[in-house]
Amino acid sequence: MTESELESRLRSYREATARVEVPAELTRRILAGLPQRAHARRSLRDALGACAVAACLGLGSGLWATLETRALERQLFLQVNVWADAP
Amino acid sequence: MAEDDFSALVQTTSPRLYRLALRLTGSPSDAEDVLQEAYLRAYLALSEGRFEGRASLATWLYRSTVNAALDALRRRRRRLALSNWYRPATSQPAEHTEARALLADAAALLAALPPEQAGALVLTQVEGLTNAEAAELLGCTEGAVEQRLIRARATLRRRAEP
């Protein structure tokens, strides 16, 4: 396809979509139940926020537990070595 | 903003935004979904005091519609053909058929592009925005818009080759 053919197709698209009739009931459908949908969206957002906080807390406590375990392992390792080296 | 004011806002802005969403998505049902989403975002922003008034409300809605349309394109790459819905206001049967064919043809071309490229092409070549205006709406640089246009044209040329 040449550049001019592409331009022609895009021009046709522009002209044809400019003539398209907007659906008669569009405004009514947009406004119908808007407060309810806004409420649902807020609830979803709050729930997702709560999930994110819970996930962060879970991740944090998991990380803390891992660090504690590592520290305990290290302590035991040192202790065993001390015992092994003891005369 | 009062309910009546918001209703008046929808009444005055929806025809232009509907055509924009239609041009970006190539589908009337997707265009309506996009508008529902854009107005819902506006309603939430206004009722929660998040609209800062740095741009006019109409400009902000235009941007919101572009974003919602690109989101829809990312979710639904498969677009509907336009041939089943086009209803010109006044037409002879022969014109009608020709217009439908032209629309279906153009919509099929755009459907072949990634959403970012289709967005750049529609905003500049169909909506008539400058590259700078499109860049601002798409949240990228003017150079990125130019690159997307070059890639879009190359993709369309390749697809049209036998």
Side-chain angles (χ1 to χ4, degrees), chain A residues 1-70, chain B residues 3 6-8 10-20 22-23 26 28 31-32 35-44 46-48 82 85-91 98-110 121-122 124-128 152-153 156-161:
Chain A
M1 178 168 42
T2 63
E3 196 67 19
S4 64
E5 282 170 340
L6 176 60
E7 292 303 329
S8 166
R9 286 186 182 192
L10 289 171
R11 192 168 48 248
S12 302
Y13 192 58
R14 178 170 58 240
E15 288 165 1
T17 47
R19 290 198 303 271
V20 163
E21 290 173 7
V22 177
E25 295 284 289
L26 181 66
T27 304
R28 191 192 58 74
R29 285 200 293 269
I30 287 169
L31 292 171
L34 193 60
Q36 288 85 348
R37 276 185 284 125
H39 177 72
R41 180 64 61 89
R42 280 195 202 100
S43 302
L44 179 66
R45 216 169 44 193
D46 291 349
L48 287 174
C51 282
V53 169
C56 286
L57 287 174
L59 194 67
S61 65
L63 187 65
W64 182 246
T66 306
L67 289 173
E68 270 191 324
T69 309
R70 289 272 165 85
Chain B
E3 297 284 324
F6 193 81
S7 172
V10 173
Q11 202 109 38
T12 52
T13 54
S14 59
R16 187 183 177 205
L17 296 181
Y18 178 76
R19 289 195 180 92
L20 169 68
L22 185 62
R23 286 169 167 173
E32 193 162 331
L35 242 61
Q36 297 265 7
E37 179 61 26
Y39 283 112
L40 177 59
R41 289 178 191 178
Y43 185 87
L44 283 166
L46 288 166
S47 62
E48 293 167 4
L82 293 173
W85 58 267
Y86 178 63
R87 301 191 312 270
T90 56
S91 70
E98 191 188 347
R100 279 199 313 189
L102 283 169
L103 273 170
D105 182 45
L109 275 180
L110 290 172
L121 196 67
V122 169
T124 57
Q125 308 301 304
V126 183
E127 280 287 299
R153 286 173 189 282
L156 295 179
R157 271 199 300 270
R158 268 200 310 275
R159 279 184 68 86
E161 282 167 8

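A quick note: this is a predicted structure, and the numbers were derived from the prediction, not measured. Note on naming: letters A, B, ... go to the chains in the order of the sequence lines (proteins, then strands), and numbering restarts at 1 for each one.
Only the side chain of A/L31 comes within contact range of chain B, with heavy atoms under 4.5 Å apart. Of the atoms belonging to A/E5, not a single heavy atom falls under 4.5 Å from chain B. When heavy atoms are compared at a cutoff of 4.5 Å, A/R37 approaches chain B by way of both its backbone and its side chain. Heavy atoms closer than 4.5 Å to chain A are found in the side chain of B/E48, but not in its backbone. Contacts between A/R29 and chain B at a heavy-atom distance below 4.5 Å involve backbone atoms as well as side-chain atoms.
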Original post:
Given the rule in the salt bridge (charged side-chain N to carboxylate O under 4.0 Å, His left out) test, do A/R19 and A/E15 qualify, once you have shown the distances and angles that lead to the verdict?
Top reply: CA-CA 7 Å; A/R19 290 198 303 271; A/E15 288 165 1; 5.2 Å; no

Original post:
What do the steps show when you test A/E7 against A/R14 for salt bridge (charged side-chain N to carboxylate O under 4.0 Å, His left out), and what is the final call?
Top reply: CA-CA 10 Å; A/E7 292 303 329; A/R14 178 170 58 240; over 6 Å; no

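Heavy-atom contacts from other residues, nucleotides or ligands closer than 6.0 Å to CZ of B/R16 number 12 or fewer.
Using a 4.5 Å cut-off on side-chain heavy atoms (C-beta onward), B/V10 and A/L34 make no contact.
In this structure, a donor-acceptor pair under 3.5 Å is absent between the side chains of B/S14 and B/Y39.
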